[in-house]
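Protein chains get the first letters and strands the later ones, always in sequence-line order, with residue 1 at the start of each. Just so you know, these numbers come straight off a predicted model, no measurement behind them.
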Amino acid sequence: MKKQNTTTRPLWGGAAGRLTALALLAGAAGLTQSAAAQETMKVGAPLPLTGALSPEGLKQQRGYDLWAKTVNEAGGITVGNKTYNVEIVYVDYESQTPRAVQSAERLITEDGVSFLFSPFGSGAAKAASSVSERYQIPTVAPTASSPSVYDQGYQYLFGTFTPNSTLTTPLADIVANSGEEIKTVAIYARNDLFPLAIAQEMEASAKAQGLEVISFDEYAIGTMDHGSAFTLMRQSQPDWVFATGYINDLILIRKQMADLGITPKVLTMIAGPAYKEFIEASGPLAENVSSAAWWHPAVSYEGEDIFGATTDYVAAFEAEYGSTPDYAEASASAAGAILQVAIEKAGTIEPQAVRDALAGLDIVTFYGPVRFSETGQINSLEPPVFQIQDGTAKVVFPEDVKQADMRYGDIN
Amino acid sequence: MTRVLPVVLVIALVAALPLLGDNYLLRLGTMGAMYAVMALSWNVIGGFAGYPSFATAAFFGLGAYTGAILQGAGVYMPLAWVAACLAAALFAGLLGLAILHLKGHYFAIASLVVAEVLLEITTSWTSLTGGGMGLNLPILRISVDAQARLFFWAMLALASLTLAMNWIVANHRLGFGLRCIRQNEDASGMVGINTTLYKVIAFILSAVFVGGAGALYASWVFYIEPPDVFATLTSVKPIVMALLGGAGTVLGPVIGAVLFLVMEELVWRNLLEIHAAALGILIVILIFFLPGGVLGLFKRRRKPAAPSRPLASAEAGR
Amino acid sequence: MLYAQILINGLVLGGLYACIAVGFSLVWGVLNVINILHGTFVVLGSYIAYFCYVHLGIHPFLSIIVSGGILFVLGFLVQAGLINRVMGAPVLTTLVLTFGLELLLNNGILLAFSADYRTVQLANPLGSTIIGGLVFPLERVVATALALGLTVLLYVMLAKSRIGRAIVAVRMDAEAAALMGVNVKRIYAVTFGVGALMAGAAGSLLAIVFPISPLNSTEFLGIAFVVCVLGGLGSVAGAMVGGLALGVIESFGALFIGPEHGLTIAFTLLILLLIFRPTGIMGRRGYE
Amino acid sequence: MTAILSLDNVTQRFGGLTALDAVSLDIAPGEVVGLIGPNGAGKTTLVNMVSGVYKPSTGTITFDGKRIDGLKSYQIARLGVARTYQVVQPFPEMTVLENVMSPATFAAGNLGVEAAQEKALEALRFCGLDEQAQMRASELTLAGRKRLELAKSLAMDPKVLLLDEVNAGLNPAEIDLALDLIRRISAKGVTIVIIEHLMKVVMNLCSRIVVLHHGAKIAEGTPAEVTSDPHVIEAYLGNRYARKQAGEAKEGADG
């Protein structure tokens with residue numbers, strides 16, 4: 001992977017001056033900010049480029065970079081008689097939430113960004129939102145699904161993920177009403193913010209469909225062996241196994257399930273199978289694994305945003321990176337595209353106006369229809385359910401973009 | 001006293017930082033004070049007594065969770081901070097009794113792994129700690145600027161307390177005894193030093209204010225999760241800071257903390273993905289070219305408080 | 001039947017653990033250095049196996065030779081060029097130094113290979129076989145067998161070869177060894193190299209079991225800690241016993257207490273052992 | 001006569017090895033007692049036990065009417081039992097003065113800095129080290145470090161002083177100085193137990209000699225009694241020649 005025009009901007013002189021002030025407390029009064037951007041609009045993006053979340057950080061970065069590149073190649077964003085080029089200012093927050101918060105404050109106060117993309121995941125997005133709210137900087141969160149991020153009464157935070165239940169409800173619905181003999185569910189979850197939250201959501205969705213949840217086990221972050229859990233599961237013979245985690249966990253889990261001969265009728269995993277790396281790594285074992293995500297390259301919308309139709313976006317992404325975008329990459333691009341539409345509608349980059357434009361959006365993008373609820377979380381998406389069939393992910397729900405029927409059995 | 005006065009003046013000047021009205025600078029100041037608390041605290045067990053403790057993260061995380069849980073239960077914020085200090089001190093006392101008879105690497109590993117165990121316990125004890133989902137703290141109902149000032153001053157006060165504690169220890173028989181222990185623990189017993197007691201006291205002192213810093217930190221950021229507060233780097237950074245400034249001295253760790261913060265910030269700003277490597281290089285340079293820390297460069301000739309080879313310490317651990 | 005299966009899982013896992021730890025144990029025992037770099041050495045071994053497989057088609061079981069060789073050279077140079085200069089310094093110095101080097105190397109790997117997870121997806125996976133109702137995951141079984149084989153090889157090398165005996169002599173008493181004409185610094189470097197070699201070989205074997213990423217290094221290092229303390233420091237046999245014991249303990253712990261506590265159990269055990277029996281379950285023994 | 005230090009049936013085992021076997025010993029106030037025996041006889045083990053490094057496996061040790069077996073070394077030191085090490089153990093980075101201040105501060109009652117310094121200087125003067133007070137301990141000669149050990153012990157105001165091979169490695173002139181120093185310490189009323197290989201020192205200095213062999217006490221008495229004791233001769237016979245040779249070689253080298 002190459003790094004794409006990463007733009008950490010320095011203010012070396014100003015920064016050194018400020019730090020000297022901190023260290024020595026020598027007359028910091030005369031310090032100057034770097035000159036305000038004239039024809040450049042800065043958007044801050046704290047990313048976990050090192051540390052535990054770094055694979056996710058890379059995805060977001062690819063999504064943002066594609067947006068910035070597309071905008072700038074199209075001549076920038078025009079508002080009124082001004083044209084702005086987009087510059088994304090990246091900060092690596094080392095996968096540490098406190099650093100993410102610090103990054104947000106630094107981007108706003110030191111680097112002078114006009115807008116912010118949230119750090120990865122619900123926890124960090126929530127923590128950083130308190131900063132952007134304080135400085136009244138419109139912020140788009142591309143990877144935060146938990147409603148608790150949005151129900152703080154904040155005005156400047158908008159998110160492109162619907163709540164987790166919008167993923168699990170259709171899944172449970174499809175499986176329970178498949179006509180197959182599926183009665184029992186075993187849930188196996190990574191004890192971590194998102195994976196655990198979605199597992200709990202699935203437990204509720206499954207019970208609501210009258211399925212019996214026969215086990216709910218958690219495994220610790222960094223677990224390197226799942227043998228015991230699956231040896232037990234082998235005895236209980238669940239019809240449906242629902243496993244959550246990040247891609248490395250799920251690759252390992254899939255392999256150990258196969259090693260130990262766990263063959264449920266349905267195997268659902270979140271969030272790995274949406275990533276092409278999962279299919280590459282698991283090979284034949286990926287076959288018939290089902291999942292759900294907020295977006296899928298097979299969905300089809302005629303967007304009013306810069307990327308246009310979904311197929312155009314996918315083609316642009318493939319041209320740039322040589323691979324198909326997944327939901328995390330698309331959501332990052334969408335965050336940019338949505339922000340851009342709002343700026344154009346507002347006719348200014350003045351924060352209050354852009355915020356109001358975001359709140360009032362009702363458009364269709366390559367990513368899907370975009371409307372934000374009162375709290376700022378998107379409520380117009382219908383996340384697709386898909387299954388890996390013949391080496392590619394095929395959408396099985398919703399009906400209008402369906403590519404294949406869900407297959408049952410044949411998990412081995 | 002002539003050496004105390006300038007220090008007090010500097011602290012007073014730093015306390016005037018909010019006058020500049022720059023919240024990011026205040027954030028850095030708060031972090032600097034937090035670093036100073038940790039480096040000074042480690043200095044007591046690692047610098048004075050020569051025990052290579054990697055338990056700072058354990059105390060920090062324990063303090064953060066104690067403070068957060070109590071505040072969540074409605075305890076008044078400053079009381080929660082005090083309770084976090086006490087919890088960390090108590091924990092350090094018990095832990096010290098258990099592991100301070102270990103020497104060298106064995107002690108280092110035991111202290112390092114304690115944070116891991118606490119991390120796992122915190123992660124799995126979901127009912128109390130929120131587990132992997134993290135823990136939210138009650139939001140303060142004061143303006144954000146007031147918050148920035150409040151936490152800056154509170155952290156600075158804690159750092160000043162920790163500095164005072166170091167100064168008192170260094171000039172007290174405790175500090176004398178700890179330096180004896182560092183140089184020769186067996187002989188220390190023979191000259192009448194209650195080595196176990198002294199080591200445990202030193203370990204407690206290395207924990208109490210770190211626990212407070214953890215709780216303060218939790219109140220400051222509103223949201224904590226286990227991997228953030230129990231990070232191994234939290235144990236390593238204070239050691240680097242103390243070595244950078246001069247371990248076993250009183251002012252060395254403070255100087256090291258400030259220098260470290262400045263370097264960290266500069267690297268972080270200017271290099272996108274290689275700050276870990278930069279820290280690594282700093283460490284290597286430190287070990288080979290600055291074994292006595294910054295203060296070591298000046299203090300070659302001075303005799304009592306600062307041994308000129310602060311690194312010389314615990315015997316090899318076989 | 002359940003317990004038998006869990007025991008098999010544990011042993012198969014434990015063999016890999018032993019292989020991760022044995023080089024670390026050797027370095028600790030002979031040099032009295034805790035090599036924080038060890039986890040990253042293992043990761044590097046995995047990457048070498050990955051590239052060997054993807055670009056050259058060399059099976060990970062064979063690329064042990066490549067990764068072991070490269071890591072030996074790297075380890076030798078690190079010790080000869082850097083760590084040898086602070087041998088005999090207090091524990092803290094070597095600990096902090098290797099920690100700094102670990103940050104450097106791990107960050108370098110991250111930059112070079114990116115954080116994306118990679119896996120070695122064998123063209124002909126071995127799958128698993130069922131004997132008497134018990135499942136044997138063959139890739140793991142073979143990897144474990146190779147791991148144990150390597151460990152035995154190291155044991156024999158230490159016992160029989162000239163350089164092995166010199167390493168043992170230095171471990172016993174470096175000063176006496178120096179008087180007998182052993183170039184102690186060179187032996188240190190060779191030993192560190194051998195430790196890295198074992199790490200690299202372990203990395204190759206693990207490449208087919210775990211997704212590969214620089215982020216794994218801390219987990220590998222943690223395992224090395226626990227295995228060493230469990231098995232008793234500085235003996236090849238100890239590392240083997242410690243590794244197998246850890247695998248079995250973790251597997252049964254996950255069974256009885258729940259999978260989320262596997263690591264907690266391992267680390268708690270480590271602390272308790274340090275407190276009450278720092279010589280490990282086997283008692284202290286050297287490389288004789 | 002009431003003993004100031006007495007061992008009653010003291011046994012020390014390390015694993016399967018019995019280092020000391022049911023040794024009983026009474027030492028009267030003001031005595032200078034020599035402890036001799038071949039290498040491995042258990043002499044240093046005995047000192048380690050009295051000073052609290054080890055707890056005896058069985059048996060009791062009484063000092064000044066108080067049981068001290070099982071006490072920690074610092075407690076025993078504070079009661080007034082001082083010791084020196086066969087291999088000197090200074091605090092290498094501290095000055096000579098600070099070294100001697102440490103026992104004055106910690107063992108000899110709760111002294112403040114000034115009182116401790118006063119006491120330390122007094123001990124240094126007594127041992128003839130006052131000129132080197134500001135030197136680092138690691139810079140002293142071997143003889144200087146041996147004297148530093150003695151000064152450290154003295155600064156504790158000990159009632160009993162255990163000297164473990166305090167003359168090993170010194171040349172004859174230095175030994176004479178050390179002997180004089182020990183006599184002066186004894187003259188202050190300090191009870192002394194001295195482990196020594198050089199018979200000339202023991203014969204010269206001690207009023208009573210205790211002989212250990214394979215961990216057991218095989219004889220005790222005046223120098224004259226002990227040297228004519230058939231058990232002692234028997235015990236030493238096997239390797240006596242070798243020992244004598246070694247002793248001569250050593251003296252030759254020292255001279």
Might you point out which heavy atoms bring [X] and [Y] nearest each other, and give the distance in Å?
X        : Y        : value
A:Asp259 : C:Val135 : O-CG1, 2.9 Å
C:Ser128 : A:Ala258 : OG-O, 4.1 Å
C:Gln121 : A:Pro284 : NE2-CD, 4.0 Å
A:Gly51  : C:Leu215 : O-CD2, 3.2 Å
A:Ala281 : C:Thr119 : CB-OG1, 2.8 Å
C:Leu110 : A:Leu49  : CD2-O, 3.8 Å

Given that the side chain runs from C-beta out, which part of A:Tyr188 has a heavy atom under 4.5 Å from chain C: side chain, backbone, both or neither?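 For A:Tyr188, the side chain is the part near chain C, not the backbone.
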Applying side chain to side chain contact (heavy atoms under 4.5 Å, CB included), run through C:Asp116 and A:Leu58 and close with a yes or a no. CA-CA 8 Å; C:Asp116 287 328; A:Leu58 290 177; 3.7 Å; yes
Just by distance, no angles: are the side chains of A:Asn248 and C:Ser213 close enough, under 3.5 Å, to form a donor-acceptor pair?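 No, C:Ser213 and A:Asn248 have no side-chain donor paired with an acceptor closer than 3.5 Å.
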Count the heavy-atom pairs under 4.5 Å between each of [options] and chain C, then report the option with the highest count.
options                      : answer
A:Ala229, A:Ser282, A:Gly227 : A:Ser282
A:His226, A:Gln235, A:Glu218 : A:Glu218
A:Glu277, A:Gln256, A:Glu56  : A:Gln256
A:Met224, A:Lys255, A:Arg234 : A:Met224

May I ask you to decide whether A:Asp225 forms a salt bridge with C:Arg140, counting only side-chain N to carboxylate O separations under 4.0 Å?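 Result for this pair is yes, salt bridge flagged.
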Surrounding CZ of C:Phe256 (heavy atoms of other residues, nucleotides or ligands, distance under 6.0 Å), is the total greater than 12?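 More than 12 within 6.0 Å, yes.
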I'd like to know if the side chain of A:Ser228 reaches the main chain of C:Ser251, judged simply by a donor and an acceptor atom lying under 3.5 Å from each other, with no hydrogens or angles considered.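 Yes: the side chain of A:Ser228 pairs with the backbone of C:Ser251.
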Given that the side chain runs from C-beta out, which part of C:Leu138 has a heavy atom under 4.5 Å from chain A: side chain, backbone, both or neither?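 Nothing of C:Leu138, per the 4.5 Å heavy-atom cut-off to chain A.
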